[in-house]
Amino acid sequence: MQPSKRQKTTAKPHFITPLTFRVYSWLPGNPASIGISVATLLIITFLLTRSIVDDPTNTEGDFRLSLIHILLTAFVPSAYAYLLSVTKEVAHSLEPVFGRDAKNQLILSEIGKHSGWKLLLAAFIGVLINLYATALTTVGSDPWVWQEQSFDAIWMRIPGPMSCGWMGCLFYVLVAESSRLSSLSSSIASIDLLDLQPYKPLIRQGLTNVLLVVGIASIVSLFLLEPGFGTLLFQLSILFTLFASIGLMLPLSGIRKKIAKAKQRELSWCKDALKSTRNQIKSGDAGNHSFTEVVAYKALIESIRNWPFDGPTLALFALYLLIPLCSTFGGAFVERGLDIFVP
């Protein structure tokens, strides 16, 4: 009688569709229209309650800060839901490229789904960053004693942690989904350097990641209109730059490696073909390839970028980076105009 063999089983991680995405999928409209509706509703609620409370300690600065927090609270979850939606679309459009490999099919089935505890951890880190920002920028009172705060300051304490929690989830999903797409790209068996069109959705994913991070940075940059936020925004700009770079490069890192290897193979063939053609020319034999054809093909292969970015893509990326700067100047212009026309 043989002893029973123990079968080792590895517990698979439990992935769920984020609650925010489920809610946005249930609501009518797209994430942009839902975000605008949420912002409008929050602003109306804020203005009504502010007029009812009529707190004499409210200041113009706190009023502006409250509006910025409202914009963040409306934009960040909408961007979070939009990112998940675009990632699912990109993965679906790339299914013919990735093939029917079982491992690839498993990764594709997990697109848009994530570990619940990791999302909670990301949200918690976002809330901690909000607490740090509150402590760093509050002057003249204890930020944790609500009796010392004006109505506008108390209002900021509510949407602030919420938007930062969503922001933490967005950044986590950005990295996780980009890593999945990179892993899928690395599994591609072969690639045609003269036809990179099937991999264009990966560029769309990268630009979407950058646009959403830049969108958050544009709203956060409005804090520069108020005193005492310079140090915080310098620190956050480093964070936003890091995630924007990761969001652009990581989805394409797998295909970049494939392009680089394919170029090495083709250039190696060109080198051998050039040697063979040279030797045939010297011996007076007619070669299979003309010398100029091989040189032209070699120049064509060398002109292909390892990162599959074309000119319009790079120009669009540069324009995205200008959005926060334009947002800051636009906010300053509006504020100056209100000071002139509204005494």
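Along the sequence shown, the residues carry numbers beginning at 1. As a basis for the values below, the full set of heavy atoms in this structure was taken, side chains included, without hydrogen atoms, waters or symmetry mates. The structure presented is a predicted model; accordingly, all values stated were derived computationally and were not measured.
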If I take atom CG from residue L65 and atom CD from residue E226, how far apart are they, to the nearest 0.5 angstrom? 4.5 Å
Under the salt bridge (Lys or Arg N to Asp or Glu O under 4.0 Å) test, which residues partner R265, sequence neighbours left out? none
In terms of side-chain geometry, is the basic nitrogen of K113 or E110 positioned less than 4.0 Å from the acidic oxygen of its partner? no
Consider only side-chain heavy atoms of I, L, V, M, F, W and Y, link residues closer than 4.5 Å, and tell whether I68 and L47 are in one cluster. no
Identify the two heavy atoms, one from V294 and one from A273, that lie closest to each other, and give their separation to 0.1 Å. CG1-CB, 4.0 Å
Residues forming a side-chain contact (heavy atoms from CB on, under 4.5 Å) with S37, sequence neighbours excluded: none
Of all heavy-atom pairs linking D62 and M156, the shortest is OD1-CE, 3.9 Å
Got S115 and L119 here, is their nearest side-chain heavy-atom distance under 4.5 Å? no
Taking atom CG of L181 and atom CG of L94, what is their separation to the nearest 0.5 Å? 7.0 Å
Shared ILVMFWY cluster between Y80 and I16, side chains joined below 4.5 angstrom? no
With distance as the sole test, does S268 use its side chain to make a donor-acceptor pair with the main-chain N or O of Q264 at under 3.5 Å? no
Report the relative orientation of the aromatic rings in F46 and F63; use parallel for angles under 30°, tilted for 30 to 60°, perpendicular for over 60°. parallel
Could you grab the distance from atom OG of S66 to atom CG of L42, nearest 0.5 Å is fine? 11.5 Å
Does one hydrophobic cluster hold both V214 and L242, with members joined at side-chain heavy-atom distances below 4.5 Å? yes
With a 4.5 Å limit on heavy-atom distance, are the side chains of E60 and R64 in contact? yes
Quick one: does any side-chain atom of S163 pair with a main-chain N or O of G160 as donor and acceptor, under 3.5 Å? yes
Hey, does the side chain of E177 reach the backbone of G112 with a donor-acceptor pair shorter than 3.5 angstrom? yes
Steps toward side chain to side chain contact (heavy atoms under 4.5 Å, CB included) verdict (F151, D54): CA-CA 8 Å; F151 172 81; D54 193 20; over 6 Å; no
Would you mind reporting whether I216 and L170 have side-chain heavy atoms less than 4.5 Å apart? yes
For D55 and S150, does a side-chain donor sit closer than 3.5 Å to a side-chain acceptor? no
How far apart are the C-alpha atoms of W166 and F75, what are their side-chain angles, what is the distance that settles it, and do they pass the side chain to side chain contact (heavy atoms under 4.5 Å, CB included) test? CA-CA 10 Å; W166 269 311; F75 179 82; over 6 Å; no
Check: A81 main-chain N/O paired with S85 side-chain donor or acceptor under 3.5 Å: no
Y132 with F243, same ILVMFWY side-chain cluster at under 4.5 Å: yes
If I compare all heavy atoms of L224 with all of G230, which pair ends up nearest, and what's the gap? CD2-CA, 4.4 Å
Hey, are the side chains of F21 and W26 touching, using non-hydrogen atoms and a 4.5 Å cut-off? no
Check for a donor-acceptor pair, side chain of T138 on one end and backbone N or O of T134 on the other, with a separation under 3.5 Å. yes
Backbone of D272 reached by a side-chain donor or acceptor of S276 within 3.5 Å: no
Rounded to the nearest 0.5 Å, how far apart are CD of E266 and CD1 of I304? 8.5 Å
Looking at every non-hydrogen atom in both residues, tell me the closest pair between C164 and N130 and how far apart they are. SG-CB, 3.5 Å
Taking the side chain as every heavy atom from C-beta outward, state whether Q205 and L83 have any atom pair closer than 4.5 Å. yes
Identified side-chain contact (heavy atoms from CB on, under 4.5 Å) partner of P251 from the options P201, S179, S178, S185: S178
Spacing of CG belonging to L131 relative to CG belonging to L136, to within rounding of 0.5 Å: 12.5 Å
Would you mind reporting whether I34 and N30 have side-chain heavy atoms less than 4.5 Å apart? no
Option among E95, K103, R180 that satisfies the side-chain contact (heavy atoms from CB on, under 4.5 Å) test with L108: E95
Quick one: which residue pairs count as a side-chain hydrogen bond (donor to acceptor under 3.5 Å, both in side chains) with a foot in residues 242-262, not counting sequence neighbours? S182-S253
Common cluster, L41/I43, ILVMFWY with side-chain heavy-atom separation under 4.5 Å: no
Determine whether I259 and L196 satisfy the following criterion, side chain to side chain contact (heavy atoms under 4.5 Å, CB included), listing intermediate values before the conclusion. CA-CA 9 Å; I259 292 175; L196 298 178; 4.1 Å; yes
If you group Ile, Leu, Val, Met, Phe, Trp and Tyr whenever their side-chain heavy atoms sit less than 4.5 Å apart, what else falls in with L120? none
Taking ILVMFWY side chains as joined if any heavy atoms are under 4.5 angstrom apart, and letting links pass through other members, which residues group with I52? none
Would you mind listing the cluster partners of L48? Hydrophobic ones only (ILVMFWY), side-chain contacts under 4.5 Å, chaining allowed. I44
Are the charged groups of E302 and K263 less than 4.0 angstrom apart, N to O? no
Between Y199 and R204, is there a cation-pi geometry (under 6.0 Å to ring centre, at most 45° from the normal)? no
Go through the steps to decide whether I255 and I191 satisfy the test side chain to side chain contact (heavy atoms under 4.5 Å, CB included), and finish with yes or no. CA-CA 9 Å; I255 200 67; I191 186 171; 3.7 Å; yes
Can you find a pair of side-chain heavy atoms, one from L248 and one from N209, that are under 4.5 Å apart? no
Kindly give the heavy-atom pair with the smallest separation between W307 and M249, and that separation in Å. CZ3-O, 3.3 Å
Nearest heavy atoms of Y297 and W269, plus distance in Å: CD2-CZ3, 3.9 Å
Atom CD1 of I219 and atom CG of L72: how far apart are they, to the nearest 0.5 Å? 5.0 Å
Test item: D152 and W155 side chains (from C-beta on) under 4.5 Å apart, heavy atoms: no
